[in-house]
Amino acid sequence: MAKREAWMALAGLATTSMISVPVWAEPPEPLPASQLDWVPWGTDRPAGEVCGGYYLQPEYRLEQPPEGQVNSESDTADYGADGDTILEGGVLLRKGDTQLEAPRVQVPPERDVANISGPVTLREQGLLVRGDNAQVSLKSDEASIDSAHYVSHETRVRGDAIQLERITEDTFRLREASFTTCAPGDSTWRLIGNQVDLNRAAGYGTARHARLEVADVPVFYWPWVRFPIDDRRQSGFLWPVLSGSDGSLDFEQPYYLNLAPNYDATISPRWVGDSGLLFGAEFRYLFPDSQGTISGAYLSDDDSAGEDDGYTELEQGDDRWYFDYSHVGRLSPRVPYQLRYGAASDGAYFDDFGRTFGESETETMQRLARIDYRGETWKLQARAQGYQVMDDPLNEKDKPFYRLPSLTADARWSQDTGLYQEWNSNLSYFWRDIEGDENGFYDFNGQQRRIPITEAANGARLSLSPAFGYRFNPSWGFFEPRVAMHHTQYDLDYQDRITDRDESPSLTAPVTTVDTGLVFERDVNIGGGNFLQTLEPRLNYAYVPERDQSDFPDFDTGEQAFGWTQLWSPYRFSGGDRLGDLNRLSYGVESRFLEDESGRERFSVGVGQAAYFEDRNIDMQGDPDTLPRDEDSYDYYDATRDRSAWVTRINWQVSDNWRTRWQWLYDDHLDRTESTEVGLQWRADAGHVVNLGYRWRIEGFDTADEPEDVVNYNREEYDLSFALKATDNFDVIGRLLYDNTNDRALDQMAGVQWNDCCYGVQLVWREWIDDEDTANNIDDDTTDRGFFLRFVLKGLGGVGGEADSYFDSAIPGYRAARLE
């Protein structure tokens, strides 16, 4: 349970302009790389390695002695007049895993200490210390080395000190010392303190009167600082986050608490410009069968609330807050469960205070309680689900329906003869709290709006869909007839709404399909490669009778977009409130090229179309006796056409580096393209990624439940994104999503990332369009901009939030190297 930002703790931040600080520590000059076990990479440098070399500990020169004894080697060994033992000339001493090299070692008669004349080399497993003179205890782990230079091989930590003392086996004290993870000869950054204590057992170090130097220039001073020396989490202050907007200062100072190995917390007081003090916190826990996160923030008496132009429910002095709880676990391997509850004081909270650089908006706060049973035959689920819509103000008709609860029971039985039976069922109660008069009217933004009658009721819905089928599946094809008896029953409550609609509507209808196809195969040789080519013709007949659904509500239903998958599906709607009438025969053929040795698909092309024998009367209104009113609209044409557009789909893995995909919907009746999507991706072994995309949608093709979400123009978009690794350390990234129809950029992003074993930098600029939830009106669209900078000193920490997850989503195929 690593804390991604738990890299540093500090106290008493001050600038380097302070006058009343102690005399600056001045550690010795560093040694050259050749004396620090540093090995530069040659031609064997691993792909993606960001460091220019590595530390390699040489083999011990003496064999390990029996426990408690010391092995030695020297050119001469003499006894002094006082009983001293003097070893000279290439002296080697080894006790356990500790080995010492020096030109002269003097051991007094008491045999309790060794006085060493330098230069001295002290080695342990993963640790190297060089110095001038030293004194080493022969009875304990204590040692002292003057003008010391140290290296920890595994953690890449190195530094220099006027004096290094080993107090215990894992505890060191350094005076006037430096600390850095940069490679030898690199002075990008180092931490220098008058006294530096390193605790290898605990995994942290502390420094008194410390300063941070970047390129030998002091930039920070701390009276006391605590820092990690390995990957273990440490309590303490994190780097502050400082930003500004419209002349307003935004400063956050997080504090991390490493409470236990399996839980931690972060407390984040934040001063937000004209708003005031925002207090945030996060608590995380991890157990063998569960884990979770609790986060939130609170700001009392926001002085700037409601100041923005436009209609808002906020008022000056409002309290602002959010709370988010997430938990996942399992009671047994077959019984996972999930809990989630999120809430905010208002719909503008995240617009005003944000979350991350890449998150342009937070649309909802999820609420969920869910438990599953995943048996071999039965699949059971119980859940309560809802969410808060983050709009300010929130339109009544946009309030979501809650499922309180939703119970699902599915099962499947199969016989060796090919027969199978299915039981699919769901019982859900849908509820939401909306305001409106008996006719559904309410005031919003100075205008009178109306709740659609299909969304005015609360109530229960029972959905049953038992099915019976037969699957004949030899190697040369398949044949599958199937009948599902679909039943939907409601118990509705319209409360004060005046309506003569049936409060207990229901339907029962068979969903009949016959799916069949053949598979022809042959071996082919193309370009010197052996492939297995298939030819797979397919027929699919679906019949769903029309049923009157005009009294049905709309709780969770949407119309499916037409494409290759829809050619073979009998269901025209998602959700459970509409069963689309259908009398259709789909026909198509697909050919695939499979690599003979691996079976990997290199190329596939499919062409198909659907022939309709009846009009599709059922739409979101559910009336079987009407068609869309506008006979010139795409919706009317789509409901009455006797055949669909031709669907052509191509997926081509050109090589290990090149791939492309294409889907084209062409109406041969009106001789026009309804939709097309083309994507081309290049991924190089070195990590380069380039994506080219093109999308076209004819007006009306995109489905939407609300009129303001319907795009009322032909949509044509270009999408270019790339990530180029100029070197193993340097990435250049960018994206442009361009709306060619309206001659505007919808999303622009450009940035660079530098990453090595010493430090990392992310610098990104982004500008994007927010459609303000009105896709059919571009006049009210707004432009948002963001500028992001993250600077990380490896082993010490960094300034700024992470943008890695945004890079990965914005540039398909790219995996940003983490800077930590």
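For this chain, numbers begin at 1 and follow the sequence in order.
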| Would you call the rings of Trp682 and Trp658 parallel, tilted or perpendicular, where under 30° means parallel and over 60° means perpendicular? | tilted
| Side chain of Asn729, backbone of Val50: donor and acceptor closer than 3.5 Å? | yes
| query | Going by the side-chain hydrogen bond (donor to acceptor under 3.5 Å, both in side chains) test, which pairs reach into residues 518-534, not counting sequence neighbours? | reply | Arg522-Gln533, Asn525-Asn530, Gln533-Ser591, Thr534-Glu536
| message | Closer than 4.0 angstrom, basic N to acidic O: yes or no for Arg695 and Glu677? | response | no
| Do Trp652 and Glu601 touch side chain to side chain, with heavy atoms closer than 4.5 Å? | no
| task | Just say parallel, tilted or perpendicular for the rings of Trp662 and Trp664, cut-offs at 30° and 60°. | result | parallel
| query | Is the backbone of Gly679 close enough, under 3.5 Å, to the side chain of Thr660 for a donor and an acceptor to pair up by distance? | reply | yes
| Arg367 and Gly342: which non-hydrogen atoms are nearest, and at how many Å? | NE-O, 2.7 Å
| Is the closest side-chain donor-acceptor distance between Tyr738 and Gln748 under 3.5 Å? | no
| query | Strictly by modelled atom types, are Glu674 and Tyr634 linked by a side-chain donor-acceptor pair under 3.5 Å? | reply | yes
| said: Would you say CZ of Arg641 has more than 12 non-hydrogen atoms from neighbouring residues, nucleotides or ligands within 6.0 angstrom? | reply: yes
| task | Answer with yes or no whether the side chains of Gln366 and Thr364 bring together a donor and an acceptor at under 3.5 Å. | result | yes
| said: Do Gln753 and Val732 have side chains that approach each other closer than 4.5 Å (heavy atoms only, starting at C-beta)? | reply: no
| request: Give, for atom CZ of Arg538 and atom CG of Leu518, the distance between the pair rounded to the nearest 0.5 Å. | output: 12.0 Å
| Side-chain H-bond candidate by donor/acceptor type, Arg370 with Gln338, under 3.5 Å | no
| field | Contact summary for Glu614 and Arg616, nearest pair of heavy atoms | value | O-NH1, 2.8 Å
| request: Could you check if a side-chain atom of Gln560 sits within less than 4.5 angstrom of a side-chain atom of Gln566, using non-hydrogen atoms only? | output: yes
| query | Which heavy-atom pair separates Tyr637 from His669 by the least distance, and what is that distance? | reply | OH-CD2, 3.6 Å
| Taking the side chain from Asp515 and the backbone from Pro481, do they hold a donor-acceptor pair closer than 3.5 Å? | no
| message | Any non-hydrogen side-chain atom of Val607 less than 4.5 Å from a side-chain atom of Val647? | response | no
| field | Side-chain donor-acceptor pair present, Tyr587, Gln609, cut-off under 3.5 Å | value | yes
| said: Side chains of Arg602 and Phe531, heavy atoms from C-beta outward: is any pair under 4.5 Å? | reply: yes
| request: Please check if the side chain of Ser326 supplies one atom and the backbone of Arg340 the other of a donor-acceptor pair under 3.5 Å. | output: no
| query | Under 4.0 Å between a Lys/Arg side-chain N and an Asp/Glu carboxylate O for Asp747 and Arg766? | reply | yes
| request: Output yes when a side-chain donor or acceptor of Ser633 lies under 3.5 Å from a complementary backbone atom of Asp630, and no otherwise. | output: yes
| query | Is the backbone N or O of Ala610 less than 3.5 Å from a side-chain atom of Ser644, with the two atoms forming a donor-acceptor pair by type? | reply | yes
| said: Checking side-chain polar atoms at under 3.5 Å, does Arg697 have a donor or acceptor matched by the opposite partner on Ser675? | reply: yes
| field | Minimum side-chain heavy-atom gap Ile618-Leu579 below 4.5 Å | value | no
| query | If only atom types and distance count, is the side chain of Arg45 paired as donor or acceptor with the main-chain N or O of Glu49 below 3.5 Å? | reply | yes
| query | Just wondering, do Leu737 and Glu717 contact through their side chains at under 4.5 Å, heavy atoms? | reply | yes
| Nearest heavy atoms of Ala645 and Asp667, plus distance in Å | CB-N, 4.0 Å
| field | Partner residues of Gln381 under the side chain to side chain donor-acceptor pair (under 3.5 Å) criterion, sequence neighbours left out | value | Asp372, Arg383
| query | Between Arg578 and Asp619, is the closest basic N to carboxylate O distance under 4.0 Å? | reply | no
| Is there side-chain contact between Arg572 and Asp581, with heavy atoms separated by less than 4.5 Å? | yes
| said: Side chains of Thr188 and Asp186: any donor to acceptor distance under 3.5 Å? | reply: yes
| request: Output the distance between atom CG (Asn473) and atom CZ (Phe478), rounded to the nearest 0.5 Å. | output: 8.0 Å
| Using the ring of each side chain (for Trp, its six-membered ring), is Phe353 parallel, tilted or perpendicular to Tyr349, with breaks at 30° and 60°? | tilted
| query | Ser295 and Asp324: side-chain donor and acceptor closer than 3.5 Å? | reply | no
| message | If you compare all heavy atoms of Pro570 against all heavy atoms of Val544, which two are closest, and at what distance to 0.1 Å? | response | O-CG2, 3.9 Å
| Between Asp731 and Lys725, does at least one N-O distance fall below 4.0 Å, as a salt bridge requires? | yes
| said: Main chain of Asn617, side chain of Asp615: is a donor-acceptor contact present, judged purely on distance under 3.5 Å? | reply: no
| Taking SG to SG, are Cys757 and Cys182 separated by less than 2.5 Å? | no
| query | Nearest heavy-atom pair of Asn691 and Pro812: which atoms, and what distance? | reply | ND2-O, 2.9 Å
| If you measure only the distance, is there a donor-acceptor pair under 3.5 Å linking the side chains of Ser465 and Asn424? | no
| field | Asp685 side, atom CG; Asp656 side, atom CG - distance, nearest 0.5 Å | value | 7.5 Å
| NZ/NE/NH1/NH2 to OD/OE distance under 4.0 Å, Glu699 and Arg715 | no
